[in-house]
Visitor: 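What follows is a single structure, and I will ask about it in a moment.
Values reported hereafter were calculated over all heavy atoms of this structure, with side chains retained and with hydrogens, waters and symmetry mates removed. A note on names: the letters A, B, ... follow the listed sequences, proteins ahead of strands, and every chain is numbered from 1.
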2 protein chains.
Amino acid sequence: MTPQRRLILDILHSQNSHLTADDIYEKIKNHIAGVNISTVYRTLDLLEGLGLVVKSEYENGHIYHHAEEGRHHHLVCQECGQIQECTENSLLPLSLELKQKYGFEADLHHHVISGTCAKCHSATKTHHHTD
Amino acid sequence: MTPQRRLILDILHSQNSHLTADDIYEKIKNHIAGVNISTVYRTLDLLEGLGLVVKSEYENGHIYHHAEEGRHHHLVCQECGQIQECTENSLLPLSLELKQKYGFEADLHHHVISGTCAKCHSATKTHHHTD
DNA sequence: GTCCGTGCAAAGCGTTTGCACTGTC
DNA sequence: GACAGTGCAAACGCTTTGCACGGAC
């Protein structure tokens, strides 16, 4: 457990949110000069392998958060980019259905759902903006 | 509607499956020599805009299928890569819950769910293979 | 001396863009 | 001549990899 690795894990804990590799890289640079983005990726990979970090798909890349938050899913607003969490059990019925109907063992541990958050949705409705 | 565009749409219809831009590119090359991957992307973009093609997130890129298949979702097996479809209404209860609990308007029109298909799942259990 | 972790630069992959060519109106 | 569609090459953003250095055992 090197300073770089410790720091990456600390950042993920202290932010308690979902960060891209680059977010983490930017934050690290405030603490240790000369850190490299490749170290960030390598460390995130390692930490994911150790089960300390969870990696989720996000747009053209990935977002990471620490594993101790408990199981949850991400509701990503396509308008404002805000990421909300939803509890794991919201997806449990779906999981069961996929298992029963399709024999498919869904991996919903770190799932990303796109859509529109309440705020943006009401804004859209109010302004009648044509998409 | 140029030959290239017609062909891309035809490929998506004839395959009736989910293809990456590169899959399509490879298939096109069998019919028209000298087609460029950028034309594929541009055309897919255009067809998506016209509502003829649906684009979904997939690993580090995207998959495309034609729009006439009706609403469904993709169950992507992480072991064998196979893509199954599941009906739209499997996700309706989830959609309702996200709306009620979080005010989140989920866009589940072309959603990708990762996991393990029945075949691979039973194989894994049988072989006790350590991951 | 061997190993592991690292910084650095380069490569990789999927995707997008600038530009010049071609054909159509 | 204006325009749209294209091929080509170069660029892009995110991620991975090869290699050499440096510190721990």
Visitor: In whole Å, I'd like the distance from the CG atom of A:Leu44 to the P atom of D:dT17.
Guide: 15 Å
Visitor: To the closest 0.5 Å, what do you measure between SG (A:Cys86) and CG (B:Leu94)?
Guide: 7.0 Å
Visitor: Closer than 4.0 Å, any side-chain N/O of A:Gln4 to the OP1 or OP2 of C:dG5?
Guide: no
Visitor: Starting at CD1 of A:Ile32 and ending at P of C:dG5, how long is that distance when rounded to a whole Å?
Guide: 15 Å
Visitor: Is it the case that the side chains of A:Thr20 and A:Asp22 hold a donor-acceptor pair, with the cut-off being a distance below 3.5 Å and no angle test?
Guide: no
Visitor: Measure from OH on A:Tyr25 to C1' on D:dT16 and round the result to the nearest Å.
Guide: 15 Å
Visitor: Check whether any side-chain heavy atom of B:Leu92 sits under 4.5 Å from a side-chain heavy atom of B:Leu96, and report yes or no.
Guide: no
Visitor: In whole Å, what is the span from the CZ atom of A:Arg5 to the P atom of C:dG7?
Guide: 11 Å
Visitor: Check whether any side-chain nitrogen or oxygen of A:Thr39 sits under 4.0 Å from OP1 or OP2 of C:dG7, and answer yes or no.
Guide: yes
Visitor: Hey, could you give me the CG/OG distance between A:Asp23 and A:Ser17, rounded to the nearest 0.5 Å?
Guide: 8.0 Å
Visitor: Applying ring pair (Phe, Tyr, Trp, His ring centres under 6.0 Å), name anything that partners A:His13, two or more places apart in sequence or on another chain.
Guide: A:His66
Visitor: Output a table of nitrogen or oxygen pairs between the protein and nucleotides 11-20 of chain C separated by less than 3.5 Å.
Guide:
{"unit_1": "C:dT15", "atom_1": "OP1", "unit_2": "B:His62", "atom_2": "N", "d": "2.9"}
{"unit_1": "C:dT15", "atom_1": "OP1", "unit_2": "B:His62", "atom_2": "ND1", "d": "2.6"}
{"unit_1": "C:dT15", "atom_1": "OP2", "unit_2": "B:Tyr41", "atom_2": "OH", "d": "2.4"}
{"unit_1": "C:dT15", "atom_1": "O5'", "unit_2": "B:Tyr41", "atom_2": "OH", "d": "3.2"}
{"unit_1": "C:dG18", "atom_1": "O6", "unit_2": "B:Arg42", "atom_2": "NH1", "d": "3.2"}

Visitor: Please give, in whole Å, the distance from C:dG7 P to A:Leu7 CG?
Guide: 11 Å
Visitor: Does A:Thr87 form a side chain to side chain contact (heavy atoms under 4.5 Å, CB included) with B:Tyr102? I'd like the steps, not just the answer.
Guide: CA-CA 10 Å; A:Thr87 56; B:Tyr102 303 96; 3.6 Å; yes
